[in-house]
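Reviewing the structure listed below.
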Amino acid sequence: MNRTEWLESGFPDNILQPVAGHMVVLDSAEEAHPHSHQKVQLLFAISGVITVEVEAGLWTVPPGCAIWIPSGATHAARFVGQASIAMLYLAPEIAASLRAECGIIFVPPLLRELILRFSRSHTPFEDSGMVKAGVGGPSAREERLVAVLMDELAAAPEEPLHLPMPRDRRLRRIALAMLDDPAQRLTIDEWGARVGASNRTLSRLFREETGMSFGVWRHQLHVGLGMQKLASGASVTNVALDLGYQNVGAFISMFKRMMGVSPARYFDLQQETVGEAPSAEPMAPLATAGAEVVEIGLERLRRR
């Protein structure tokens with residue numbers, strides 16, 4: 001069973017532990033076709049960019065962030081560039097009080113170490129080891145770690161990197177056309193002429209169905225696509241031209257308006273937070289610094 005087959009299989013649902021996971025390192029783009037799990041899934045981008053598609057829209061997950069995928073949600077994922085990904089699977093009953101919908105969260109240091117700890121617990125392609133790992137139930141220490149993990153997931157700040165997909169057939173035509181060719185610079189009036197709707201109607205529907213204006217939705221699309229291209233090694237100049245901007249300055253200005261910093265600075269900040277991407281090989285003990293961070297969290301829980 002290769003990585004993609006494992007991702008798309010129902011196998012993670014057979015894991016007996018309340019929290020389990022694994023890590024993968026990809027050298028090139030890889031896709032997982034639409035599938036779902038009974039367990040809640042958390043995908044953490046240690047390095048590289050993840051794009052996840054669900055019925056409600058597209059989600060771009062940059063380094064240092066993770067996407068929460070609820071139980072039963074049909075989703076497809078694409079991993080861009082040299083990506084190092086940690087994946088957690090959580091039993092629905094322990095995650096019931098957390099997010100009910102997809103969302104991207106920023107991963108602070110303590111949460112990062114907890115995710116890495118659980119993702120290093122298993123060897124992903126040894127089926128018998130994954131299933132038998134839960135026999136006998138979790139230890140008291142494991143239960144405390146799970147409790148701290150749930151606390152940190154609940155407190156993690158959300159990132160506004162969601163591209164909601166409209167339901168109206170006319171808006172859907174526009175959205176799909178822009179996804180196919182994001183360099184198109186048609187105005188909303190020009191799109192209206194193509195799909196048979198007025199500027200006023202399209203503007204109202206865009207806000208009602210996506211919570212965004214047409215212009216903001218297009219910028220959000222460009223931010224997500226830009227992150228994918230940058231993560232795969234493209235230059236900012238080439239990304240700007242590919243997305244239909246007349247010059248690189250216009251693209252950088254748009255990115256700064258949406259994200260608060262330039263593309264280069266955004267990835268620098270993420271890398272500073274994430275640090276060096278760890279190996280995907282299973283590791284028994286955590287590094288000393290990481291273990292100390294987790295123990296601080298356990299001590300905080302014991303004092304409650």
Side-chain angles (χ1 to χ4, degrees), residues 29 31-36 43 45 49-62 65 67-70 72-80 99-104 158-232 234 238-246 250-259 263 266:
E31 294 188 18
H33 300 296
H35 62 287
S36 63
L43 297 179
V49 171
I50 310 171
T51 300
V52 177
E53 180 178 359
V54 293
E55 184 179 357
L58 297 174
W59 308 79
T60 301
V61 190
C65 293
I67 182 167
W68 176 272
I69 303 174
T74 299
H75 59 282
R78 183 168 187 265
F79 308 95
V80 182
R99 297 164 177 81
E101 299 178 349
C102 281
I104 295 178
E158 294 196 16
E159 290 279 346
L161 295 170
H162 175 212
L163 184 72
M165 292 295 288
R167 298 178 302 276
D168 180 88
R169 60 178 179 80
R170 294 162 295 183
L171 298 189
R172 195 84 177 179
R173 280 181 59 191
I174 296 172
L176 292 176
M178 293 175 66
L179 282 166
D180 288 338
D181 183 8
Q184 294 186 74
R185 309 303 293 180
L186 298 180
T187 66
I188 196 166
D189 286 310
E190 291 169 327
W191 280 118
R194 289 194 176 191
V195 301
S198 67
N199 177 329
R200 183 174 180 179
T201 296
L202 291 181
S203 297
R204 175 178 57 81
L205 287 174
F206 249 104
R207 287 194 177 277
E208 289 178 355
E209 297 201 2
T210 70
M212 304 176 182
S213 69
F214 170 74
V216 170
W217 189 94
R218 178 159 57 187
H219 288 160
Q220 192 82 329
L221 169 67
H222 287 172
V223 166
L225 294 176
M227 285 185 176
Q228 294 177 33
K229 293 175 182 290
L230 291 167
S232 64
N238 286 341
V239 170
L241 296 177
D242 288 346
L243 295 177
Y245 291 83
Q246 292 184 345
F251 171 71
I252 292 174
S253 295
M254 180 280 297
F255 194 100
K256 289 179 70 174
R257 286 198 303 274
M258 298 295 290
M259 302 303 297
Y266 184 87

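- Taking Gln184 as the reference, nothing meets the side-chain hydrogen bond (donor to acceptor under 3.5 Å, both in side chains) condition, with sequence neighbours excluded.
- The two residues Trp217 and Met212 come nearest to each other via the heavy atoms CA-SD, 3.8 Å.
- Considering only residues two or more places apart in sequence or on other chains, Arg207 meets the side-chain hydrogen bond (donor to acceptor under 3.5 Å, both in side chains) condition with none of them.
- With rounding to the nearest 0.5 Å, the separation of CD1 in Ile174 from CG in Leu179 is 12.0 Å.
- A 6.0 Å sphere centred on CD of Glu101 holds no more than 12 heavy atoms belonging to other residues, nucleotides or ligands.
- Taking CE of Met165 as the start and CG of Leu176 as the end, the distance is 5.0 Å to the nearest 0.5 Å.
- Residue pairs meeting the side-chain hydrogen bond (donor to acceptor under 3.5 Å, both in side chains) criterion with at least one partner in residues 167-178, sequence neighbours excluded, are Asp168-Arg170.
- Distance check: Leu58 CG to Gln220 CD gives 10.5 Å after rounding to the nearest 0.5 Å.
- Interatomic distance, OG1 of Thr60 versus CG of Leu163, reported as 7.5 Å (0.5 Å rounding).
- Among all heavy-atom pairs drawn from Val61 and Ala45, the shortest one is O-CB, 3.9 Å.
- The two atoms that bring Glu209 and Leu171 nearest to each other are OE1-CD1, 4.2 Å, heavy atoms only.
- Legend: residues meeting salt bridge (charged side-chain N to carboxylate O under 4.0 Å, His left out) with Glu53, ordered by chain and number and at least two apart, are absent.
- Ala234 and Val239 make their closest contact through CB-CG2, 3.8 Å (heavy atoms, listed as atom of the first residue, atom of the second, distance).
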Decide side-chain contact (heavy atoms from CB on, under 4.5 Å) for Arg99 and Glu158; before the verdict, give the C-alpha distance in whole Å, the side-chain angles of both, and the deciding distance to 0.1 Å. CA-CA 11 Å; Arg99 297 164 177 81; Glu158 294 196 16; 3.4 Å; yes

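- Residue pairs meeting the side-chain hydrogen bond (donor to acceptor under 3.5 Å, both in side chains) criterion with at least one partner in residues 193-202, sequence neighbours excluded, are Asp189-Asn199, Ser198-Thr201, Asn199-Ser203.
- The closest donor-acceptor contact from the side chain of His75 to the backbone of Ser36 lies at 3.5 Å or more, if one exists at all.
- By the ring pair (Phe, Tyr, Trp, His ring centres under 6.0 Å) test, Trp59 pairs with His162, sequence neighbours left out.
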